[in-house]
Amino acid sequence: MAAAAGKAAAAAYGHGESGGGRGGGFLGPRVPAEVEAMARGVQDVGQETFRRLLKVTVNALEGKDCKESVKLIAESTNLSEEQLAFLISGMYTLLREALRLPLSTFKQEVFKEDLKELRIPEDFIVDFCSIVFGNRRPASEGTALMQRSRLPSVQDLKWRVDVAISTSSLARALQPSILMMMKLSDGTAHRFEVPIAKFQELRYNVALILKEMNDLEKRSILKIQD
């Protein structure tokens, strides 16, 4: 729901999905379009309605079905479906990005300043902070981390040495190469050939990384003291 609403919000306010102006804070170099649309629209919303929308957004982050809750808000307020779409979508994106950051490095003061730059009302900033830095963070944070974009990981890697006896240009080549097959977690498989020179480069870089890791572990500052 939130992803679809984001596109509607971007279109309604004339922005592309990549976002608009201010940036540099926890939202990245460009503020997402749905967050900018929400920041403008939320200024005309009362605090009671805002808190109901915020509760719906948190439930959505935790993977709960929020259709009935959104319907109740629409019936009890003068907000249109389009307005609800960009408000909830913007809150969802804002909280999702904030919950991805560890509390050890993400400070509440910085979060507040970023929201002030978006011209979000002070009372609403307090409510946002209660979610990101308050008691409801653990459940919301876990779901936000599970929903983040991930690249497939390597599940299996097989290899064998092959020797080309001849090629189209050389009658007798006898050039060895390494054939590798990589199986990824998304079920896809990739087969490719690695020349000896590239394999030696790979081997050297892996050995170099292992050496640097060993050197790092030997430093006294990283040793566990009894």
Side-chain angles (χ1 to χ4, degrees), residues 2-3 6-7 16-35 61 63 92-111 113-114 132-133 137-226:
K7 294 181 180 179
E17 287 185 62
S18 60
R22 296 174 302 275
F26 74 96
L27 290 167
R30 296 182 69 83
V31 177
E34 61 268 28
V35 175
L61 280 167
Y92 184 96
T93 301
L94 187 150
L95 289 174
R96 182 191 62 195
E97 296 304 314
L99 290 168
R100 288 177 177 177
L101 301 173
L103 290 178
S104 58
T105 57
F106 188 40
K107 302 304 180 185
Q108 187 168 339
E109 293 74 17
V110 175
F111 181 62
E113 287 301 317
D114 288 343
V132 178
F133 300 94
R137 178 180 175 90
S140 303
E141 179 184 29
T143 306
L145 289 174
M146 286 189 294
Q147 292 176 345
R148 67 183 177 181
S149 299
R150 293 179 179 176
L151 293 174
S153 58
V154 178
Q155 280 194 333
D156 188 29
L157 181 65
K158 297 180 180 179
W159 62 275
R160 77 168 191 260
V161 177
D162 196 16
V163 178
I165 297 176
S166 63
T167 65
S168 58
S169 58
L170 294 175
R172 188 175 180 82
L174 295 178
Q175 179 65 40
S177 61
I178 298 171
L179 295 178
M180 307 189 79
M181 188 173 75
M182 184 185 299
K183 185 177 180 182
L184 304 181
S185 57
D186 60 1
T188 59
H190 302 273
R191 182 175 295 177
F192 52 94
E193 182 178 322
V194 181
I196 292 296
K198 282 294 180 183
F199 179 76
Q200 295 287 15
E201 183 180 339
L202 173 64
R203 186 183 65 81
Y204 170 79
N205 286 326
V206 170
L208 183 61
I209 291 172
L210 290 173
K211 180 181 181 301
E212 290 179 349
M213 289 174 63
N214 287 332
D215 292 343
L216 193 61
E217 289 175 352
K218 291 177 182 178
R219 293 186 180 180
S220 59
I221 193 172
L222 295 177
K223 290 183 178 179
I224 299 175
Q225 301 294 332
D226 294 331

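- The CG atom of Leu95 sits 6.0 Å away from the CG atom of Leu99 when rounded to the nearest 0.5 Å.
- Nearest approach of Gln108 to Phe133, heavy atoms of both residues: CA-CZ, 3.4 Å.
- Between atom CZ of residue Phe106 and atom CZ of residue Phe111 there is a gap of 5.5 Å, rounded to the nearest 0.5 Å.
- Leu157 contributes atom CG, which lies 10.0 Å from atom CG of Leu184 (distance to the nearest 0.5 angstrom).
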For residues 195-206, please give each side-chain donor-acceptor pair under 3.5 Å, one per line with the distance, not counting sequence neighbours.
unit_1 : atom_1 : unit_2 : atom_2 : d
Gln200 : OE1    : Arg203 : NE     : 3.0
Gln200 : OE1    : Arg203 : NH2    : 3.2
Asn205 : ND2    : Glu201 : O      : 3.2

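- For the atom pair CE of Met181 and NZ of Lys158, the computed distance is 5.0 Å after rounding to the nearest 0.5 Å.
- Rounding to the nearest 0.5 Å places CZ of Arg160 at 12.0 Å from CD1 of Ile178.
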Criterion side-chain contact (heavy atoms from CB on, under 4.5 Å) on Arg96 and Leu61, from CA distance to verdict: CA-CA 7 Å; Arg96 182 191 62 195; Leu61 280 167; 4.0 Å; yes

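- Minimum interatomic distance between Ser185 and Pro152 (heavy atoms only, all atoms of both residues): OG-CA, 3.4 Å.
- The line from CD of Glu97 to OH of Tyr92 is 10.0 Å long, rounded to the nearest 0.5 Å.
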